[in-house]
Engineer: 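Next up is a structure, given as structure tokens.
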Protein chains: 2
Amino acid sequence: MVEYLGRVMIGAPEGDIRDKFRRSGYTLTSQRRAVLDALEEAGGHPSTEDVYLIVKRKNPRVALGTVYQALAVLEEIGIITSKHWAETPTRYDLNLRPHLDIRCTGCGAVSEVPGVALGDLGAEIQHNTPYEVHNTTLVVEGLCPTCQRG
Amino acid sequence: MVEYLGRVMIGAPEGDIRDKFRRSGYTLTSQRRAVLDALEEAGGHPSTEDVYLIVKRKNPRVALGTVYQALAVLEEIGIITSKHWAETPTRYDLNLRPHLDIRCTGCGAVSEVPGVALGDLGAEIQHNTPYEVHNTTLVVEGLCPTCQRG
DNA sequence: TCCAAAACAGGAATGGTTATTGGTCGAGTA
DNA sequence: TACTCGACCAATAACCATTCCTGTTTTGGA
Ligand SMILES: [Mn+2]
Ligand SMILES: [Mn+2]
Ligand SMILES: [Zn+2]
Ligand SMILES: [Zn+2]
């Protein structure tokens, strides 16, 4: 569950995963493990369906609903994150750090955008609203190099 | 179709609306006009359903699909904008200027957050990705003052 | 006025996601 | 080891925002 992209480590270490399961009260079942492995195998930003197809290769008995449920649990206990783009299924990400993902409206590919300083937008927003700010996500869309040539 | 919030004008002037319809080739039908009026009457950030209910008060024959279609046209020709929060219906906005909206996860209310300088995030992102950046939206969620006391 | 194109009403269909239900598994206990 | 109880799971139905389809109506232009 640890993976390297260049010098950047993504994915929680095995110990952290066990800790988070233990502390949450959820159990690390074989299905949830399989979903986690599938996320790793998929790489990048798979949808629930993507994860489901990978999991099913090794265990054809797993149900799609179980994958939805497992991903919700993994997100709740802080092992993965999710992002939503309009009119497309939710994408999941092993990368827990705040970062920027862009989605190609042509082919649906999602890539990370390095080098953009987001500052502490959450704090700045909090200063300007009476709301209690819980979540700020930058949703970016565009055309990937391949689709620009389409 | 012009409205004032403090000193800030929102909503395109009548002339602009006609221009945009004429240039686009779409016709300004009574249903599309009714949808635009309903957006104004609703104020804020109504969903399609919200708009539909208002339109239906004056013309019970209008179909929900027509409202979806009309809103899509209005957005396409640049009279309104839309924003999407995860797991909730699309919200529409007469405010065409780039600005920040926060949604309460308790009651669903959407409010605008003034005073946050977004800079030109789009340009900065463009410098850091080979994608052709088309759209960057900041999606903010939290709890409104009322729901904080829940 | 007449015609072809665009728009509409009504309702069925779609697709991602969630809820329900009845059976299974497994960690803790005697 | 055998038992128990709750968490988990598979299967499937239900949900809900949105889109699609079909036949009808409206619209703007010849
Ligand atoms: Mn990412
Ligand atoms: Mn707004
Ligand atoms: Zn692409
Ligand atoms: Zn609220």
Side-chain angles (χ1 to χ4, degrees), chain A residues 18 20-38 45-53 55-77 79-80 82-92 103 105 108 110, chain B residues 18-38 45-53 55-77 79-80 82-92 103 105 108 110 139:
Chain A
R18 301 229 179 139
K20 286 178 174 174
F21 267 104
R22 182 161 28 72
R23 280 200 297 270
S24 70
Y26 291 113
T27 52
L28 178 46
T29 63
S30 65
Q31 287 89 346
R32 287 169 184 165
R33 165 60 67 192
V35 164
L36 215 34
D37 292 345
H45 307 80
S47 66
T48 306
E49 182 78 15
D50 294 334
V51 172
Y52 171 62
L53 292 176
V55 168
K56 217 170 55 166
R57 286 210 306 262
K58 288 178 183 166
N59 179 3
R61 288 187 53 78
V62 74
L64 177 58
T66 301
V67 176
Y68 271 100
Q69 173 66 23
L71 288 169
V73 168
L74 292 174
E75 182 174 19
E76 181 185 336
I77 69 182
I79 291 176
I80 63 177
S82 69
K83 283 184 183 155
H84 307 258
W85 280 264
E87 294 157 44
T88 71
T90 302
R91 303 298 197 97
Y92 289 91
R103 176 177 181 279
T105 51
V110 173
Chain B
R18 302 235 177 129
D19 275 3
K20 286 178 174 173
F21 267 103
R22 182 160 29 73
R23 280 199 298 270
S24 70
Y26 291 113
T27 52
L28 178 46
T29 63
S30 65
Q31 286 89 343
R32 287 169 183 165
R33 164 60 67 191
V35 164
L36 214 33
D37 291 346
H45 306 81
S47 66
T48 306
E49 182 78 15
D50 295 333
V51 172
Y52 171 61
L53 292 176
V55 168
K56 217 169 54 164
R57 286 211 305 263
K58 288 180 184 167
N59 179 2
R61 288 186 57 78
V62 75
L64 177 58
T66 300
V67 176
Y68 272 98
Q69 167 69 19
L71 288 168
V73 168
L74 292 174
E75 182 174 20
E76 182 188 335
I77 68 183
I79 292 176
I80 63 177
S82 70
K83 281 183 183 157
H84 307 256
W85 280 264
E87 295 157 46
T88 70
T90 302
R91 303 298 196 99
Y92 290 90
R103 177 178 180 280
T105 52
V110 173
V139 175

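By convention in this document, chain letters (A, B, ...) are assigned in the order of the sequence lines, proteins followed by strands, and residues within each chain are numbered from 1. If you're wondering where the values come from, they're calculated on a predicted model, not measured in any experiment.
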Engineer: Can you see which heavy atom on Val55(B) is nearest to which on Ala34(B), and at what distance?
Structural biologist: CG2-O, 3.7 Å
Engineer: I'd like the 5' and 3' limits of the part of DNA chain C contacted by chain B, with heavy-atom contacts below 4.0 Å.
Structural biologist: dA7(C) to dG10(C)
Engineer: Just jot down the side chain to side chain donor-acceptor pair (under 3.5 Å) partners of Ser47(A), sequence neighbours excluded, or say none.
Structural biologist: Asp50(A)
Engineer: Among all residues two or more places apart in sequence or in another chain, which pass the side chain to side chain donor-acceptor pair (under 3.5 Å) test with Thr105(A)?
Structural biologist: none
Engineer: What do you reckon, is NZ of Lys83(B) surrounded by more than 12 foreign heavy atoms closer than 6.0 Å?
Structural biologist: yes
Engineer: May I ask you to list the residues of residues 66-74 of chain B, by number, that have any heavy atom positioned under 4.0 Å from an atom of DNA chain D?
Structural biologist: Tyr68(B)
Engineer: Calculate the interatomic distance between Glu87(B) atom CD and dC15(D) atom C1'; express it in whole Å.
Structural biologist: 14 Å
Engineer: Starting from C1' on dA7(D), measure out to CZ on Phe21(A) and report it in whole angstrom.
Structural biologist: 13 Å
Engineer: Going by the rule side chain to side chain donor-acceptor pair (under 3.5 Å), which residues pair with Glu76(B) if we only count those two or more places apart in sequence or in a different chain?
Structural biologist: Tyr26(B)
Engineer: Taking only residues two or more places apart in sequence, or in another chain, which ones meet Lys20(A) in a salt bridge (Lys or Arg N to Asp or Glu O under 4.0 Å)?
Structural biologist: none
Engineer: Residues in salt bridge (Lys or Arg N to Asp or Glu O under 4.0 Å) with Arg57(A), at least two apart?
Structural biologist: Glu41(A)
Engineer: Is the shortest heavy-atom distance from the side chain of Thr88(B) to the side chain of Arg103(B) under 4.5 Å?
Structural biologist: yes
Engineer: Measure CG/Leu64(A) against C1'/dC9(D) and give the value in whole Å, please.
Structural biologist: 13 Å
Engineer: Polar atom pairs between nucleotides 20-29 of chain D and protein, under 3.5 Å, N or O only, would you list them?
Structural biologist:
none

Engineer: Tell me what Thr90(B) touches on the nucleic acid: a base, only sugar-phosphate, or nothing, going by heavy atoms under 4.0 Å.
Structural biologist: sugar-phosphate
Engineer: Go through the structure and list residues passing side-chain contact (heavy atoms from CB on, under 4.5 Å) with Leu28(B), not counting sequence neighbours.
Structural biologist: Ile17(B), Phe21(B), Arg32(B), Arg33(B)
Engineer: Just to verify, what does Asn59(A) make a side chain to side chain donor-acceptor pair (under 3.5 Å) with, not counting sequence neighbours?
Structural biologist: none
Engineer: Kindly list each side-chain donor-acceptor pair under 3.5 angstrom involving residues 61-75 of chain A, sequence neighbours excluded, with atom names and distances?
Structural biologist:
residue	atom	partner	partner atom	Å
Glu75(A)	OE1	Ser82(A)	OG	3.3
Glu75(A)	OE2	Ser82(A)	N	3.4
Glu75(A)	OE2	Ser82(A)	OG	2.7

Engineer: Round to a whole Å and report the spacing from NZ of Lys83(B) to P of dA17(D).
Structural biologist: 21 Å
Engineer: Taking the nucleotide of DNA chain C with the closest heavy atom to each, which residue, His84(A) or Arg61(B), is nearer the 5' end?
Structural biologist: Arg61(B)
